[in-house]
Amino acid sequence: MQLQKLRNIGIAAHIDAGKTTVTERMLFFTGTTRKLGEVHDGQATMDFMKQEQERGITIASAAITCCWNNHMVNIIDTPGHVDFTVEVERSLRVIDGMIAVFCAVSGVEPQSETVWNQADRYRVPRIAFVNKMDRVGADFNEVVHQMDKYLDANPVPFQLPIGSEEEFQGSIDIIERKAIIVKDRELEIIEIPENLLAKTEEARNLLIEKIADYNEEIMRLYLDGTDVPAELLKKAAREATVKMLITPVFCGSAYKNKGVRLLLDAVVDYLPSPVDIGAVVGIDIDDSEKSHTRHPSAKDPFAALAFKLIHDPYVGQQTFIRVYSGELKSGMQVFNSTKKKPERIGRILRIHAKEREEIDSAGPGDIVALIGMKYTKTGDTLCDTDHPLYLESIFIPPAVIEMKITPPSKKEEEKLGIALKKLAMEDPSFNVRFNDETNETIIAGMGELHLEIIIDRLKTEFGAVAEVGEPSVAFRETITREIESTYKHVKQTGGRGQYAHTVIRLEPNSGKGFEFEDRIKGGVIPMEYIPSVRKGIEAVMAEGILSDFPVVDVKAVLLDGTYHEVDSSDMAFRTCAGICFKEGFLKASPILLEPMMKIEVNTPDDYIGDVVGDLNKRRGRIESMRRYRKGAQKVIGFVPLMEMFGYATQLRNISSGRANYSMEFHKYVPLNKEVQEKVLKQMELKKKDKAS
């Protein structure tokens with residue numbers, strides 16, 4: 001198939017906007033499935049995980065291939081819940097275009113904004129679909145207005161709804177000037193209703209005005225008062241969409257089978273092919289200042305990005321990749337430039353949700369799964385051995401909530417360890433660490449639901465039983481002032497001793513993570529021991545110093561030291577650097593950092609005072625309040641995660657169940673002294689309880 005006829009698209013939106021239902025209808029109308037899968041009865045093709053079917057939500061992004069109008073469409077259906085935001089992140093990294101789904105009643109919701117910002121990060125062209133036009137309170141124009149106001153989307157209606165709520169029948173194609181209604185799943189083209197003729201012409205003029213800004217030919221016709229032909233308008237609209245200058249808006253009701261086939265037409269007409277996206281730019285593996293381009297052509301050297309791992313009970317680990325250039329064949333050897341290791345390609349599969357089809361090769365634009373990869377993880381670049389490069393990786397937000405997990409017996413320990421390792425490989429926003437001091441395994445994730453799903457999967461998929469503690473906040477440790485620390489590690493035993501001496505300066509490094517700088521001169525510490533110094537520091541940072549929380553945002557500068565010809569070793573320098581760092585850290589006015597969350601509460605006007613008062617009690621800071629819809633407001637603010645446990649129940653109580661909220665990680669901020677002392681005291685007591 002020609003590359004111009006390939007579309008790699010994602011479907012993303014706020015939870016409950018109807019993404020999965022839109023996808024299910026697309027699969028039905030393209031002939032990929034023979035029956036309509038429904039989310040509410042757990043029968044959706046794309047929600048094939050047991051946890052998804054039970055909860056009626058999407059948890060993992062699923063990939064599926066279908067065909068429409070002689071075009072191949074790879075669809076990735078993504079989750080809407082903020083706890084699984086990394087699934088959206090990695091999907092957006094590899095798709096060429098996106099359908100943003102909005103609920104016609106709720107409009108632009110908190111997660112809609114998050115998804116939109118993620119798509120902006122990866123420069124993904126998009127079209128919008130206003131779903132649920134048949135619901136009471138549906139308002140197409142209000143959603144378009146909100147897209148313009150809150151997302152800065154430059155939305156342009158390409159359709160107008162015919163009726164709304166119970167009266168919703170179909171839509172008017174503004175470019176073609178035709179009305180399409182749905183009767184018994186069949187499309188019927190009718191004359192534009194009399195009462196909508198003037199509105200259609202007004203909308204068409206607005207569309208022409210918007211596109212004329214980016215197309216000289218249309219500008220000339222518009223100024224001459226000449227009618228713009230539909231084909232020319234479509235071509236110019238496609239160019240403007242691909243360049244992210246406009247967002248075409250369509251409407252329908254996926255559940256009632258209205259508007260989905262026209263949305264598929266829009267995917268083909270307006271969203272880009274890999275050719276439209278053009279070359280990708282990678283970084284030279286030896287010189288970060290140099291770059292290499294890879295065109296979407298089989299003749300260019302091979303380059304691909306791994307964006308997802310799945311452990312399949314039947315075929316083992318599946319590594320999903322997006323091919324950007326070159327050709328990939330079974331049995332071929334490629335280079336993982338991220339891990340600096342060669343990989344042999346085993347089987348190549350084209351995935352249809354939980355079904356799979358084996359293929360011999362994959363080319364530019366293809367999204368496929370590989371079987372038998374040894375080293376490749378999410379975000380790794382696979383490339384031609386003779387032409388290595390790094391492709392832009394995937395942004396992984398930090399885990400903010402922790403939970404202690406213990407196997408009930410020694411026998412279960414190994415099984416639990418293997419299962420956790422597999423889940424952490426699959427999901428880069430899920431972390432596992434072992435605390436030697438307390439002999440506990442600590443798991444960390446994006447939210448309570450995220451960890452709940454992980455625990456459920458441990459039991460159902462891996463048969464691993466575990467005792468689970470209460471969720472707690474994932475604090476971080478850092479320093480607030482510069483300090484110089486010196487330590488000499490001397491240990492004399494019967495045989496060979498241990499000797500190492502380091503002088504390290506610690507500096508606050510706010511927001512930049514950990515940095516290590518080697519300023520050793522004259523070989524006072526031999527080159528082979530420098531990596532050991534870094535490893536010693538990193539080991540201590542991972543365990544935590546004030547308590548069991550990882551250390552972040554510190555710059556360590558190795559200034560000086562000494563060594564011994566016989567007694568110095570890797571282990572000696574590792575131990576020395578760890579103690580040197582620890583001692584310096586405690587003198588550098590250390591503090592705890594806590595995760596600050598961005599919260600958006602949608603509440604009826606009657607409860608606004610109670611909602612704001614409750615957030616203030618939780619150390620929250622209200623940033624703004626805006627009209628959400630008639631009789632309701634949206635409260636936007638920031639609140640510490642540690643104050644938000646049990647908030648869902650409290651919000652239900654104060655609003656008689658009529659308010660809802662969404663929360664996502666914003667940034668780590670210093671904990672005030674009083675609260676810090678309280679947190680450290682609690683941690684100390686827990687350790688004593690454990691020891692006794």
Side-chain angles (χ1 to χ4, degrees), residues 51 59-60 79 81-90 309 377-379 394-407 413 416-459 462 464 466-478 513-514 538-553 592-598 639-645 647 663-669 671 679-680 682-683 686-687 690:
Q51 293 79 8
I59 291 164
H81 197 287
V82 73
D83 280 16
F84 310 104
T85 191
V86 75
E87 290 288 340
V88 184
E89 196 77 43
R90 57 177 164 196
L309 264 68
K377 307 272 191 308
T378 296
I394 295 163
F395 171 76
I396 309 295
V400 293
I401 198 161
E402 295 184 338
M403 202 180 258
K404 291 182 175 65
I405 182 168
T406 325
E413 201 173 296
L416 182 67
I418 292 166
L420 287 171
K421 193 179 173 189
K422 284 183 176 177
L423 287 170
M425 277 174 68
E426 262 188 41
D427 181 352
S429 65
F430 170 65
N431 303 324
V432 183
R433 71 179 199 275
F434 188 74
N435 187 323
D436 292 314
E437 221 176 287
T438 58
N439 213 25
E440 290 173 325
T441 300
I442 296 155
I443 61 174
M446 299 298 294
E448 289 178 82
L449 180 62
H450 187 194
L451 294 184
E452 188 189 311
I453 299 290
I454 292 283
I455 301 298
D456 200 356
R457 289 186 66 194
L458 281 173
K459 196 164 62 182
F462 300 96
E467 291 161 9
V468 179
E470 286 295 309
S472 61
V473 175
F475 293 101
R476 297 285 185 267
E477 302 178 13
T478 194
F514 172 62
E538 285 175 336
V540 169
M541 286 177 70
E543 286 170 9
I545 297 166
L546 286 177
S547 194
D548 300 328
F549 308 116
V551 175
V552 295
D553 295 348
L592 287 184
L593 299 172
E594 65 173 336
M596 185 63 72
M597 312 301 282
K598 183 183 179 187
V639 63
L641 176 65
M642 71 179 292
E643 307 291 347
M644 294 305 286
F645 292 106
Y647 182 66
M663 193 167 68
E664 64 176 314
F665 173 72
H666 176 56
K667 64 177 181 180
Y668 271 95
V669 299
L671 198 56
V679 168
L680 291 174
Q682 282 173 348
M683 295 296 293
K686 279 180 187 173
K687 276 185 189 174
K690 193 84 184 164

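- Nearest approach of Thr378 to Leu309, heavy atoms of both residues: N-CD1, 3.8 Å.
- Taking CG of Asp548 as the start and NZ of Lys404 as the end, the distance is 7.0 Å to the nearest 0.5 Å.
- In this view, Ile455 and Met403, Ile405, Ile443, Leu458, Val468 satisfy the side-chain contact (heavy atoms from CB on, under 4.5 Å) rule, not counting sequence neighbours.
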Legend entry - Step-by-step side chain to side chain contact (heavy atoms under 4.5 Å, CB included) determination, Thr441 to Leu416: CA-CA 10 Å; Thr441 300; Leu416 182 67; 5.5 Å; no

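- When all heavy atoms of Phe549 and Val473 are compared, the closest pair comes out as CE2-O, 4.2 Å.
- Scored by the side-chain contact (heavy atoms from CB on, under 4.5 Å) test, Gln682 finds no partners at all (sequence neighbours excluded).
- A 4.5 Å side-chain heavy-atom check between Phe645 and Ile401 finds at least one atom pair inside the cut-off.
- Residue Pro428 comes nearest to Glu426 through the heavy atom pair CD-O, 3.6 Å, listed as atom of the first residue, atom of the second, then distance.
- Closest heavy-atom contact between Ala474 and Pro595: O-CD, 3.9 Å.
- For the pair Tyr668 and Glu594, the minimum side-chain heavy-atom distance is 4.5 Å or more.
- A side-chain donor-acceptor contact under 3.5 Å links Glu477 to the backbone of Ile545.
- Side-chain atoms of Tyr647 and Val639, non-hydrogen and from C-beta on, never get closer than 4.5 Å to each other.
- For Glu470, the CD atom counts as loosely surrounded, since its 6.0 Å shell holds 12 or fewer non-hydrogen atoms of other residues, nucleotides or ligands.
- Note that NZ of Lys598 and NZ of Lys667 are 13.0 Å apart. Values are rounded to the nearest 0.5 Å.
- By the side-chain contact (heavy atoms from CB on, under 4.5 Å) test, Pro550 pairs with Arg433, Arg476, sequence neighbours left out.
- Taking CD of Glu413 as the start and OG1 of Thr406 as the end, the distance is 10.0 Å to the nearest 0.5 Å.
- Here the straight-line distance linking atom CG of Asn431 with atom CD1 of Ile442 works out to 11.5 Å at 0.5 Å rounding.
- For the atom pair CD1 of Ile396 and CE of Met446, the computed distance is 9.5 Å after rounding to the nearest 0.5 Å.
- Closest approach of Glu402 and Ala444 over heavy atoms only: CG-CB, 4.0 Å.
- Of the possible donor and acceptor atoms, none in the side chain of Ser547 sits under 3.5 Å from a partner among the backbone N and O of Met683.
- A 4.5 Å side-chain heavy-atom check between Leu420 and Phe430 finds at least one atom pair inside the cut-off.
- Rounding to the nearest 0.5 angstrom, the gap separating the CZ atom in Phe665 from the CE atom in Met596 is 10.0 Å.
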